Amino acid sequence: MATPAVKGLAAVQEAMAENAAVKALAGLATDAKFDRKELTITVAKENIVAACQAVQAAGYNFFEDVTAVDWYPQEPRFQLSYHIVSHSLKERVRLVVQLNSSDLALDSITQVWPSANFYEREVFDLFGVTFQGHPRLTRIMMPEDWQGHPLRKDYPVEGYR
Amino acid sequence: MAPIAAPDLITPGVEDVIADAKRHAGTGASEHSMVLNMGPQHPSTHGVLRVVLEIDGEAIVALAPDIGYLHTGIEKTCEAKFYQQVVPLTDRIDYLCPMTNNLAYCLAVEKLLELEIPERAQVLRVLLNELTRIQSHLVWLGTHAMDIGALTMFLYCWREREQLLRIFESVSGQRMMTSYFRVGGIAMEPPLEFAKWVQTFLDSFPSKIDEYEGLLTANPIWLGRVKGVGTLSKEEAIALGVTGPPARASGVDWDLRRDMPYCGYEKFKFDVPVMTEGDVWARYTVRMLEMRESVKICQQALDMLAGMKGPLVADAPKVVLPNREQMKTQMESLIHHFKIVTEGFAVPAGEVYQAVESPRGEMGYYVVSDGTAKPYRVHMRNPSFATLQALETMCKGRLLADVVAVIGSIDIVLGEIDR
C-alpha cells in the first residue's frame, strides 16, 4: 500500500531518470524527494526563474500555486513551494526554494507565468517575502496600513495584544 | 490616548488602476476618462468584491479588482486546530461547495496518513460532490441570469437548489455548512430514504435543465448580452491561471476528475464539455452541459451504492472516531475516542498537495505536517482567486454593462478568494 519515499537528489535522479522535470532540472536541482507520489525538487533561490523556464520548456505548462511555509526558529526559515502541472504529461512537480531570514527576497516568476501575480502578492502580504521584478507588490489581503505578516509563526493566532 | 491617524491611502484600488501605464493601449481612450468605483457592496459583485474601473464614456479602459474584505485568516486558524477540527473551517472557504472543500482537505490528510478509505465511502463522496456541483451551478445560473435581467431564472434555480439542500440536510444535519466528510471516511450513515430522494431529484432534473435552456439558450435578449462578450483566449487562460469551466470554455481541455483522477473518479463514465469561443456564452454552455454530465455521474454512483455494503470509514481506530455503540461497550474504543478528542491524532511529517475539480476549477489543498496532531501549514489554492486575475483581460475595451455579465460568468465566490 504505502510506497516508500525516495529521498536525496541522486536517489531521485536514479529512480526517476525518465521524468521530464527531473531531466529538465538536472543542472539546477540541489535536492529532491519523491514522497507520497509527489515529486519535490529544491533549487537555489537565484535559480528559480531559470528553473521555472526549464520546467515550462519540458511541458509543465500550467502554474497552479505558490505559497510559503515558515519553519521558525529553524534556518533556513522560509520554504517557498511552487506547484506546476503539465496538461500533456498529467504530472505535477513541486519546486522548493529555501530562504534564510537574513535575506527575504527572490526573483518574481511573473515573467514566466503572469498568474503568479496574486499569489506572490499574497506571500508578500502574509509572510513578508519580497519578489523582485513583480509588477505591483502590495498587500492583497490585509489593509494597506497593517503592521506585521500574519502567517509567520512568531505572529500569534489572536494578534498582538 | 494618541489621536488616530487618518490612513494615507483612502482609495488604494485607484492607484492600482492609475499605476498601469499601459492602460490606454489599444482602447483608443483619450484624456477624458474617469475612475469609477464598483463595490464592495454592489449587488452583482457576488459578495464583497471591489472593482475600480477607469472608463472612457461607456468603455472600460482599465480595471483593478480590490480584494481582502472577507479575509478571516482561515489558514492561520487551521494551524491552531487538530486535523479533524479543520474540516468545519473548510466549509466556510467556498460556501457554495462545502463538500468539495471537505473532500479536498480529507484527501490531502489521508494522503499524508497513507490511509485507504472503503470504496463505498468513495462512491458516496463522489455522489455528494456531484450534487454539490449541480447546487453550485444552480446558484451561478440564478444569480448570473438575474444580473443580466432574467429575474425568473433566479426563482427557478432556487426551487431545484432547495431540493438539493434538503438532501444535504438529511445526511449531515446542515443545509450549507455540511462538514459531512471526515479524515478516514464519512461522518455517519446517510438516512434510509437517501437513495430515494436522490433518485427523485435525478429523475426530474434533466427536464428542469431543458426548462432553463428554454428560457435562455435561444432568447435573443440573453444572446445579445452574452455572445462575444468577455473573450479569453486559450493562451491567456493558461497564462492567467484560469481553471475549471472558464478555462474549458476557452478551449483548455483539462478536467482533474478525468485527467488526474482522485476518489475513484476513474470508475465513472462522463464527458468533459469543451468550447473554443471563450466568451460568456461559452462559459454558460459549458456549465449547462456540465450539469447534465453531473447527473450522469450521480446516477452511476447511486446505482453502485445500491449494491454495496460495508463501513463508511477506514479501519484506522487511532484516526477515525468509533461509533457510539462501540464506544459505550468496549474499553479500547472508549480509550481511542478519548485520545482522538482530547489529543487528536499524529500525522507523519511530510507535505502533500491534493487538487480536486471544484465547480469553479482547480481547488488544491497544500498540507504540511511536522509530525504532531495539528497541521503545520494549510494552504488553499482556490480557483476564483486565480480567475479574478483574468477579469481585466476579459473586460478591457468592452462596455461597462458587460463587466456585470463577465463577473457573473466567471462565478467567483469571495469567501474562497479572501479566506
Side-chain angles (χ1 to χ4, degrees), chain A residues 1-3 5 33 35-38 40 61-71 79 81-83 85-94 96 110 112-119 121-123 125-126 135-136 138-146 150-153 155-159, chain B residues 5 7-9 12 15-16 19-20 64-71 73 75-77 79-80 111-112 114-116 236-243 247 252-254 256 259-260 348 350-355 362 364 366 368 370 376-377 379-382 385-386 388-390 393 417-419:
Chain A
M1 183 182 103
T3 30
K33 68 171 177 181
D35 188 15
R36 295 173 176 92
K37 296 179 186 154
E38 294 188 7
T40 309
N61 59 332
F62 193 84
F63 168 84
E64 292 176 306
D65 187 27
V66 53
T67 191
V69 183
D70 181 5
W71 291 103
Q79 168 194 339
S81 302
Y82 297 77
H83 292 99
V85 75
S86 164
H87 285 175
S88 50
L89 304 167
K90 301 185 180 177
E91 272 173 14
R92 185 176 283 123
V93 63
R94 179 187 300 125
V96 164
T110 45
V112 190
W113 281 291
S115 50
N117 185 330
F118 274 22
Y119 290 97
R121 276 178 72 183
E122 190 186 343
V123 173
D125 186 0
L126 303 177
R136 186 172 165 78
T138 52
R139 285 189 184 270
I140 187 166
M141 298 292 183
M142 308 303 287
E144 301 266 318
D145 52 353
W146 194 262
L151 276 180
R152 288 189 173 186
K153 287 283 175 184
Y155 190 102
V157 176
E158 294 180 356
Chain B
D8 294 338
L9 296 166
E15 277 80 24
D16 263 324
D20 176 11
D66 181 21
I67 61 175
Y69 291 92
L70 272 183
H71 181 65
E75 290 181 8
K76 184 81 174 173
T77 316
E79 294 170 9
K111 208 169 175 184
L112 272 173
E114 300 190 79
L115 196 65
E116 284 281 329
E236 285 166 341
I238 288 175
L240 293 167
V242 179
T243 50
V252 183
D253 191 5
W254 180 253
L256 287 164
D259 296 318
M260 291 179 122
E351 53 187 333
V352 294
Y353 179 84
Q354 175 66 47
E362 177 183 328
Y366 176 55
V368 181
D370 59 348
Y376 192 77
R377 172 98 173 93
H379 171 76
M380 300 91 182
R381 187 264 185 224
N382 289 115
F385 187 66
L388 199 59
Q389 298 186 79
T393 313
I417 291 176
D418 295 343
R419 301 187 291 283

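A quick note: this is a predicted structure, and the numbers were derived from the prediction, not measured. Chain A is the first sequence line, chain B the second, and so forth, proteins listed ahead of strands; every chain is numbered from 1.
Chosen from A:Val85, A:Asp125, A:Leu151, the residue pairing most often with chain B at heavy-atom distances under 4.5 Å is A:Leu151. Considering only heavy-atom pairs separated by less than 4.5 Å from chain B, the leading option among A:His87, A:Lys33, A:Lys90 is A:His87. Interface remark: of the candidates B:Val252, B:Leu70, B:Asp259, B:Asp259 forms the most heavy-atom pairs closer than 4.5 Å to chain A. When the candidates B:Met260, B:His71, B:Glu351, B:Glu79 are compared by the number of heavy-atom contacts under 4.5 Å with chain A, B:Glu351 comes out ahead.
By the salt bridge (charged side-chain N to carboxylate O under 4.0 Å, His left out) test, A:Glu122 is found to be paired with B:Arg419, residues two or more places apart in sequence or in another chain being considered. Remark: B:Lys111 pairs with A:Glu38, B:Val352, B:Gln354 by the side chain to side chain contact (heavy atoms under 4.5 Å, CB included) rule, at least two apart or across chains.
The pair B:Arg377-B:Glu75 counts as a salt bridge, with a side-chain nitrogen and a carboxylate oxygen less than 4.0 angstrom apart. Looking at A:Asp70 and A:Lys153, no side-chain N of the basic residue comes within less than 4.0 Å of a carboxylate O on the acidic one, giving no salt bridge.
Residue B:Tyr376 touches chain A through both its backbone and its side chain, counting heavy-atom pairs closer than 4.5 Å. Interface residue A:Pro114: backbone and side-chain heavy atoms are both found under 4.5 Å from chain B. Of the atoms belonging to B:Ala247, not a single heavy atom falls under 4.5 Å from chain A. Looking at B:Ala80, only its side chain comes within 4.5 Å of chain A, counting heavy atoms on both sides. Only the side chain of A:His83 comes within contact range of chain B, with at least one heavy atom under 4.5 Å from a heavy atom of that chain. Both the backbone and the side chain of B:Phe385 come within less than 4.5 Å of a heavy atom in chain A. Neither the backbone nor the side chain of A:Arg139 has a heavy atom closer than 4.5 Å to any heavy atom of chain B.
At a threshold of 4.5 Å between non-hydrogen side-chain atoms, the residues A:Val66 and A:Trp113 do not count as touching. With contacts defined as side-chain heavy-atom distances shorter than 4.5 Å, the pair B:Arg381/B:Thr243 qualifies.
Inspection of the B:Tyr366 and A:Thr67 side chains reveals no N or O donor paired with an N or O acceptor under 3.5 Å.
Checking side-chain atoms of B:Gln389 against main-chain N and O of A:Phe118 turns up a donor-acceptor pair under 3.5 Å.
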